[in-house]
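Encoded as structure tokens, the structure appears first; notes follow it.
Just so it is clear: chains get the letters A, B, ... in the order the sequence lines come, proteins before strands, and each one is counted from 1. It should be emphasised that the depicted structure is a prediction, and the values quoted were computed from it without experimental measurement. The basis for the numbers below is simple: all heavy atoms, side chains too, and nothing from hydrogens, waters or symmetry mates.
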Protein chains: 2
Amino acid sequence: MLSNSSKYALKAVLYLAIHTSSENKILARDLASLINVPPAYIAKLLQELVRKNLAHSEKGPHGGFYLDELNKNEPVINFIYAIDGEDKLNSCLLGLSHCNHLNPCPLHHLANPMRDALLNNLKHKCINDLVIDIKNGKSSLPL
Amino acid sequence: MLSNSSKYALKAVLYLAIHTSSENKILARDLASLINVPPAYIAKLLQELVRKNLAHSEKGPHGGFYLDELNKNEPVINFIYAIDGEDKLNSCLLGLSHCNHLNPCPLHHLANPMRDALLNNLKHKCINDLVIDIKNGKSSLPL
DNA sequence: TTATAAAAAGATAAAAAAATCTTTATATAT
DNA sequence: ATATATAAAGATTTTTTTATCTTTTTATAA
């Protein structure tokens with residue numbers, strides 16, 4: 001469903017959303033150990049998010065990664081799209097390019113309503129919504 | 001979501017369900033070209049399904065692969081489990097081993113209802129149910 | 001201005017998944 | 001019996017994904 005890369009990126013982003021701001025950054029290597037992801041790997045993923053304006057970074061002493069308020073209000077799906085591309089979540093379950101609602105594949109009716117509902121949630125929930133759940137005890141870390 | 005291998009296997013199984021029986025087998029290489037899957041690859045996958053009693057084969061002249069009535073009545077999910085293993089569809093979206101309904105990860109509420117509904121469909125629909133849809137024009141090939 | 005601390009970029013390596021090739025076993029027909 | 005057609009099994013190759021390592025750039029502070 002999600003690649004390792006997307007999973008790691010989401011874990012990182014959740015951590016950043018809870019614990020960082022422009023005044024309070026975190027080093028890639030510290031973040032890595034806190035969310036159980038290889039340090040060099042998470043650094044790469046964060047660089048990609050920064051390039052796509054889904055996270056921020058500063059170089060040099062007292063530098064590090066953080067999320068600003070705009071980032072925290074991005075829909076969850078944007079982070080997945082940034083790392084995995086759009087096709088991964090949107091393509092036909094059987095990999096058929098012709099499959100759509102007018103020309104449904106044999107698994108379409110069985111799976112698409114759920115997929116659409118999931119995509120809808122991912123599009124309408126932002127990172128901050130997930131953080132609110134965590135703070136209300138509706139979901140939990142650690143990552 | 002599904003590996004290439006599972007997608008290929010499901011396409012093969014659907015074809016076999018519609019077009020084969022113990023009196024009417026098909027060669028791996030013929031099936032391969034009909035469903036657009038590499039011949040050596042589909043042969044391997046079918047061998048795995050045969051080993052797990054989800055399909056049948058006969059060697060030698062007039063041999064080939066086919067599904068019997070029991071196979072056609074297997075739930076769709078069994079073919080996926082046979083190829084991808086059970087974990088792939090059941091593990092936490094973020095890959096967290098501790099995640100469950102009592103200790104939900106931040107994506108759990110957002111995704112699990114849909115995943116459960118999908119799994120339920122895959123468990124309760126058998127291959128023949130999909131074939132009936134195709135025959136009624138509710139879904140369509142080619143594969 | 002120099003040293004240092006950090007991310008960015010790019011190159012490389014390792015592991016897993018996808019795909020193919022070769023050999024063996026088995027059934028059928030001649 | 002022998003030749004042939006097929007799946008089964010196993011080995012190998014290729015591609016993709018995952019992960020790491022090295023070098024460069026940039027910002028800070030002494």
(request) Establish, with yes or no, whether the OP1 or OP2 oxygen of dA8(D) is under 4.0 angstrom from a side-chain nitrogen or oxygen of S57(B). (result) yes

(request) Would you mind telling me which residue lines up with the more 5' stretch of DNA chain C, G60(B) or A43(A), judged by nearest nucleotide? (result) A43(A)

(message) Could you check whether N90(A) and Y81(A), counting side-chain N and O atoms only, form a donor-acceptor pair closer than 3.5 Å?
(response) yes

(message) Base, sugar-phosphate or nothing for I42(A)? Non-hydrogen atoms, less than 4.0 Å.
(response) nothing

(request) Give the cluster check for L2(B) versus F79(B): same hydrophobic cluster or not, with ILVMFWY residues linked at side-chain heavy-atom distances below 4.5 Å. (result) yes

(message) Does dA19(D) have its OP1 or OP2 closer than 4.0 Å to a side-chain nitrogen or oxygen of N4(A)?
(response) yes

(message) Expressed as a whole number of angstroms, how long is the span from F65(B):CZ to dA5(D):C1'?
(response) 13 Å

(request) May I ask you to evaluate whether R51(A) reaches the phosphate of dA9(C), defined as a side-chain N or O under 4.0 Å from OP1 or OP2? (result) yes

(request) Take the protein atom CG of L45(A) and the nucleotide atom C1' of dA19(D), then report the distance between them rounded to whole Å. (result) 10 Å

(request) Decide yes or no on side chain to side chain donor-acceptor pair (under 3.5 Å) for S3(B) and D84(B), but give the supporting numbers first. (result) CA-CA 7 Å; S3(B) 68; D84(B) 282 348; 2.4 Å; yes

(request) State whether R29(B) places a side-chain N or O below 4.0 Å from either non-bridging phosphate oxygen (OP1 or OP2) of dT6(D). (result) yes

(message) On the side chain of K59(A), is there an atom forming a donor-acceptor pair with the base of dA8(C) - under 3.5 Å, no angle test?
(response) no

(request) Establish, with yes or no, whether the OP1 or OP2 oxygen of dA19(C) is under 4.0 angstrom from a side-chain nitrogen or oxygen of Y8(B). (result) yes

(request) Give the nucleotide from the list dA27(C), dA8(D), dA19(D) with an atom nearest to the side chain of P61(B). (result) dA27(C)

(request) Figure out the NZ/C1' separation between K44(B) and dG10(D), and round it to whole Å. (result) 6 Å

(message) The side chain of E58(B) is closest to which nucleotide in this list: dT28(C), dT20(D), dT28(D)?
(response) dT28(C)

(message) Distance check needed: dT23(C) C1' versus Q47(B) CD, whole Å only.
(response) 13 Å

(request) Taking all non-hydrogen atoms of both residues into account, name the closest pair between H124(A) and D129(A) and its distance. (result) O-OD2, 3.8 Å

(message) Whole angstroms only, please: what is the NZ-C1' distance between K25(B) and dA5(D)?
(response) 13 Å

(request) Would you classify A28(A) as touching base, sugar-phosphate or nothing, given that sugar-phosphate means primed atoms plus P, OP1 and OP2, and contacts are heavy atoms under 4.0 Å? (result) sugar-phosphate

(request) Figure out the CG/C1' separation between D84(B) and dA16(C), and round it to whole Å. (result) 13 Å

(message) Measuring from the side chain of A40(A) (C-beta onward, heavy atoms only), which nucleotide among dC21(D), dA5(C), dC21(C) has the closest atom?
(response) dC21(D)

(message) Quick check: do L45(A) and Y41(A) have side-chain heavy atoms less than 4.5 Å from each other?
(response) yes

(message) If I take atom CG in residue L46(B) and atom P in nucleotide dT20(C), what distance separates them, rounded to the nearest angstrom?
(response) 15 Å

(message) Within the 4.0 Å heavy-atom criterion, would you say L27(A) contacts the bases, only the backbone, or no part of the nucleic acid?
(response) sugar-phosphate

(message) Strictly below 4.0 Å, N to O, side chains only: are K44(B) and E48(B) in salt-bridge contact?
(response) no

(request) Can you tell me the distance, in whole Å, between the OH atom of Y41(A) and the P atom of dA16(C)? (result) 13 Å

